[in-house]
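Below you'll find the structure, written out as structure tokens, and then a few comments.
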Amino acid sequence: MGDEVMVVTTHEGVPQEFYGAKLVGSRSFPCPWYQNVPLSLALSPRIISEVSQFKPDIIHASSPGIMVFGALAIAKLLSVPIVMSHHTHVPVYIPRYTFSWLVKPMWLIIKFLHRAADLTLVPSAAIARDLQEAKVTSANKIRLWNKGVDSESFHPRYCSHEMRLRLSNGEPEKPLIIHVGRVGVEKSLDFLKSVMDRLPEARIAFIVDGPYREELEKLFTGMPAVFTGMLQGEELSEAYASGDVFVIPSESETLGLVVLGAMSSGIPVVGARTGGIPDIIPAEQEGKTGFLFTPGDIEDYMSKLVPLLQNKELRETIGKAACEEMEKYGWKAATKTIRNEQYEAAIWFWRKKRAEALGPC
């Protein structure tokens, strides 16, 4: 869109430029409870100087995390509007990784950050409701970041017999269930063990990585399950498009970008009726573009999954409808909304707050 962009990231040794954006890497340390996630405050004199020289019109920070504090400090120091997007619903994850008593302090931290921000973006209406109920910030400062998917990269044309052979462990004629995503205990992937116990003819492929992967592999020992690790590029496109049904039992998805990828690839989805997934498959589209089940209810789950595995015509009908639905949601349109509407709203709120603080001349 012709704008100048700088990205400050938690990874050192990044290239100087990525798709036209200037990159600045910051020293980081691993998250104590999740070693794969690097954390950084990004408040070194070098980074402050880099951002200052760039002279941004607006700062956009991912929340929650550690770097968001640095972004907020720099925004206040340079007197620049700041937008925060709430991507990971940490209060839901805390009891699964550490102590439940930390949930309340985490909400206090989130409130501190987002009340200091000029605008908060959320990936789904469900998360917006949670933040409003928790009184994180005023309702008029919470906006929806429209969903988007790269329908060129995720498309039925990537269906590959070779990839299906790989994902089914050499049995491509068997029903093939796939799951793509980060493996954390909060993703409820152990639920799929009970599902597979009832489907001896089916095969399941996990295109995943994360802290829970080793435990998950042990859980599925001796079962017809394939673990590929995380795939990228065309391999990932082929993996999505080569399965029969995409499953996502997670009860804590803020949006579920992997669901968008599956639908865009023409693969029917069976997902939990919770979090952000019902935003992607709303009630009026259930049974048309995908299926939702009551979290934890295996009978409900099987009633949605089994007909899809047994009926090729049904799979193709649902998959085609899902693919057509996803063609409406390109990233370019979603980004235009952020740039032309939501960033402008944040700047307006910032100017209003500044005028109120300065008072009448």
Side-chain angles (χ1 to χ4, degrees), residues 3-14 16 18 21-34 37-91 93-94 102-123 127 131 134-138 140-143 145 254 338-339 342-359:
D3 296 326
E4 291 180 86
V5 177
M6 173 190 280
V7 177
V8 180
T9 172
T10 55
H11 298 273
E12 289 184 274
V14 293
Q16 290 187 326
F18 185 76
K22 181 178 180 179
L23 298 192
V24 179
S26 175
R27 288 185 179 179
S28 61
F29 60 92
C31 177
W33 300 287
Y34 203 141
V37 175
L39 300 176
S40 174
L41 190 58
L43 259 184
S44 69
R46 173 179 63 87
I47 290 176
I48 294 172
S49 175
E50 290 266 18
V51 178
S52 177
Q53 289 174 32
F54 187 72
K55 298 180 180 177
D57 296 305
I58 195 162
I59 291 174
H60 184 155
S62 292
S63 167
I66 303 298
M67 188 178 280
V68 67
F69 286 95
L72 179 60
I74 291 173
K76 298 303 179 186
L77 182 68
L78 302 181
S79 191
V80 175
I82 182 167
V83 171
M84 293 184 189
S85 44
H86 185 80
H87 295 284
T88 306
H89 214 14
V90 172
Y93 294 167
I94 281 176
L102 287 171
V103 172
K104 190 173 181 179
M106 176 52 69
W107 274 119
L108 293 175
I109 291 169
I110 291 171
K111 286 179 183 179
F112 167 78
L113 289 169
H114 288 270
R115 287 177 183 177
D118 298 296
L119 196 73
T120 290
L121 298 180
V122 293
I127 302 305
L131 296 191
K135 295 181 170 58
V136 165
T137 187
S138 56
N140 67 327
K141 287 191 175 183
I142 299 175
R143 304 289 171 88
W145 186 334
T254 52
I338 290 177
R339 177 189 183 271
Q342 292 163 345
Y343 283 175
E344 287 299 322
I347 292 168
W348 186 87
F349 281 124
W350 173 79
R351 285 175 177 160
K352 183 171 181 282
K353 188 194 299 181
R354 198 177 184 208
E356 289 170 352
L358 292 173

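Rounding to the nearest 0.5 Å gives a distance of 9.5 Å between CD1 of Ile74 and OG of Ser52. Ser40 OG to Ile47 CD1: the interatomic distance, rounded to the nearest 0.5 Å, is 5.5 Å. In this structure, the separation between CZ on Arg354 and CD on Glu356 is 13.5 Å, given to the nearest 0.5 Å. In this structure, OH on Tyr343 lies 10.0 Å from CG on Leu119, to the nearest 0.5 angstrom. To the nearest 0.5 Å, the span separating CG on Leu23 from CD on Gln16 amounts to 9.0 Å.
Heavy atoms from other residues, nucleotides or ligands lying under 6.0 Å from NZ of Lys352 number 12 at most. Counting heavy atoms of neighbouring residues, nucleotides and ligands inside a 6.0 Å radius, atom CZ of Arg27 does not exceed 12 of them. Counted within 6.0 Å of NZ on Lys135, heavy atoms from surrounding residues, nucleotides or ligands total 12 or fewer; the atom is thus considered open. The environment of CG in Asp57 is sparse: at most 12 heavy-atom neighbours from other residues, nucleotides or ligands sit within 6.0 Å.
A cation-pi arrangement is not found for Lys22 relative to Phe54, the charged atom failing to lie both closer than 6.0 Å to the ring centre and inside a 45° cone about the ring normal.
Residues Ile109 and Leu113 are in side-chain contact: their nearest non-hydrogen atoms beyond the backbone lie under 4.5 Å apart. Side chains of His86 and Ile110 form a contact here, defined as non-hydrogen atoms less than 4.5 Å apart. Proximity of Leu72 to Met84: side-chain heavy atoms (C-beta onward) are separated by under 4.5 Å at one or more points. In this structure the side chain of Leu131 reaches within 4.5 angstrom of the side chain of Trp107, judged on heavy atoms. With a 4.5 Å cut-off on side-chain heavy atoms, Pro81 and Phe349 do not count as touching.
Under the 30°/60° scheme for interplanar angles, the aromatic rings of His60 and Trp145 are found to be tilted.
Checking side-chain atoms of Asp118 against main-chain N and O of Ile82 turns up a donor-acceptor pair under 3.5 Å. Thr10 contributes no side-chain N or O that, together with a main-chain N or O of Ser28, makes up a donor-acceptor pair within less than 3.5 Å. Arg143 places no side-chain N or O within 3.5 Å of a backbone atom of Val122 that could act as its donor or acceptor partner. Distance alone, capped at 3.5 Å, places no donor-acceptor pair between the Lys141 side chain and the His114 backbone.
Residue Gly70 comes nearest to Leu43 through the heavy atom pair CA-CG, 3.7 Å, listed as atom of the first residue, atom of the second, then distance. Across Val68 and Ser62, no two heavy atoms sit closer than the pair CB-O, 3.7 Å.
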With side chain to side chain contact (heavy atoms under 4.5 Å, CB included) as the criterion, how do Thr120 and Val136 come out once you've worked through the C-alpha distance, each side chain's angles and the decisive distance to 0.1 Å?
CA-CA 10 Å; Thr120 290; Val136 165; 5.7 Å; no
Worked verdict on Met67 versus Val8 for side chain to side chain contact (heavy atoms under 4.5 Å, CB included)
CA-CA 9 Å; Met67 188 178 280; Val8 180; 4.2 Å; yes
